Amino acid sequence: LAKSLGGGYSAVHLRLPDASAGVASRQKGLNVSALPALLQSLAPALRSGSRRRRLTVYVASNRPSKVAEARGALEEVLGRAVGGGRRVRVVGWTELSRDWADGAPPRGLRAALVEHELCVRAPGLFAGSPWSTWANLIGARRVARGVAKAAAAYIDLHTSAPAVKCDAIAS
């Protein structure tokens with residue numbers, strides 16, 4: 001699956017509110033309507049991190065159907081923000097799972113674990129929310145695998161700044 005994303009893809013972990021959960025759970029996560037602006041703020045890091053003409057950004061989420069619905073708008077916003085004649089391709093689980101080799105792709109926790117691994121292995125930048133357990137674990141694993149340096153294990157999706165150091169977590 002990582003090969004189908006291309007050699008230099010970047011990844012974003014987007015925690016959206018649960019659709020059928022109680023009020024407290026719906027307050028966790030980002031509203032998908034905020035994603036275009038958040039991704040737009042990553043444009044400088046995407047530009048500097050890749051010399052490729054076509055940038056691929058994988059968006060992992062607990063609600064892949066919402067990412068699929070927003071995909072066109074995300075590509076448009078990122079394409080304008082990155083500029084320089086570069087094309088941007090946004091891919092979510094819905095699109096990627098069509099490439100599953102052995103029939104039906106995994107669902108639920110297994111799908112989440114595959115997405116987690118895709119984020120860990122992303123050769124470009126990784127952005128997530130520092131309050132997300134998944135994003136912190138992905139950052140720590142990126143450091144442990146040597147994909148990222150501890151000082152910049154991942155980019156904070158909310159501020160576009162490097163997130164907290166993950167070297168202590170990784171060891």
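Remember, it's a predicted structure, so these values are computed and weren't measured experimentally.
With sequence neighbours excluded, the residues forming a salt bridge (Lys or Arg N to Asp or Glu O under 4.0 Å) with Glu117 are Arg121, Arg141, listed by chain and number. Qualifying salt bridge (Lys or Arg N to Asp or Glu O under 4.0 Å) partners for Arg87, counting only residues two or more places apart in sequence or in other chains: none.
Inter-residue side-chain proximity for Leu5 and Arg89 is flagged as met; some heavy-atom pair is nearer than 4.5 Å. Side chains of Leu157 and Leu42 form a contact here, defined as non-hydrogen atoms less than 4.5 Å apart. Using a 4.5 Å heavy-atom cutoff, the side chains of Val91 and Thr56 are in contact. Between Trp134 and Arg15, the closest side-chain pair of non-hydrogen atoms is not below 4.5 Å. Ser4 is not listed as a side-chain neighbour of Tyr9, based on a closest heavy-atom distance of 4.5 Å or more. Using a 4.5 Å cut-off on side-chain heavy atoms (C-beta onward), Val90 and Glu95 make no contact. The closest side-chain heavy-atom distance from Leu78 to Gln40 is not below 4.5 Å.
Put simply, CG on Leu113 and CG on Leu118 are 11.0 Å apart, with the number rounded to the nearest 0.5 Å. Distance NZ/Lys66 to CG/Leu14: 12.0 Å, rounded to 0.5 Å. Note that CG of Asn62 is 14.0 Å distant from CH2 of Trp93, once rounded to the nearest 0.5 Å. Distance CZ/Arg145 to CD1/Ile138: 12.5 Å, rounded to 0.5 Å. Between His13 atom NE2 and Leu137 atom CG the span is 10.0 Å, to the nearest 0.5 Å.
The shortest non-hydrogen separation linking Val12 to Phe126 is C-CE1, 4.2 Å. The shortest heavy-atom contact between Ser41 and Ser160 is OG-OG, 2.7 Å. Contact between Ala81 and Ala43 at its shortest, heavy atoms only, is CB-CB, 3.5 Å. Nearest heavy-atom pair across Pro64 and Thr94 is O-OG1, 3.5 Å. Annotation for Val59 and Glu115: closest pair O-OE2, 4.0 Å, computed over non-hydrogen atoms. Closest non-hydrogen pair, Glu75 versus Val88, comes out as CG-O, 3.7 Å.
Judged purely by atom type and a 3.5 angstrom limit, Tyr154 has no side-chain atom pairing as donor or acceptor with the backbone of Arg142. Put simply, the side chain of Ser10 gets close to the backbone of Leu125: a donor and an acceptor are under 3.5 Å apart. Within the 3.5 Å criterion, the main-chain N or O of Val67 finds no donor-acceptor partner in the side chain of Ser61.
The hydrophobic clustering, which links ILVMFWY residues whose side-chain heavy atoms are closer than 4.5 Å, places Val147 and Val143 apart.
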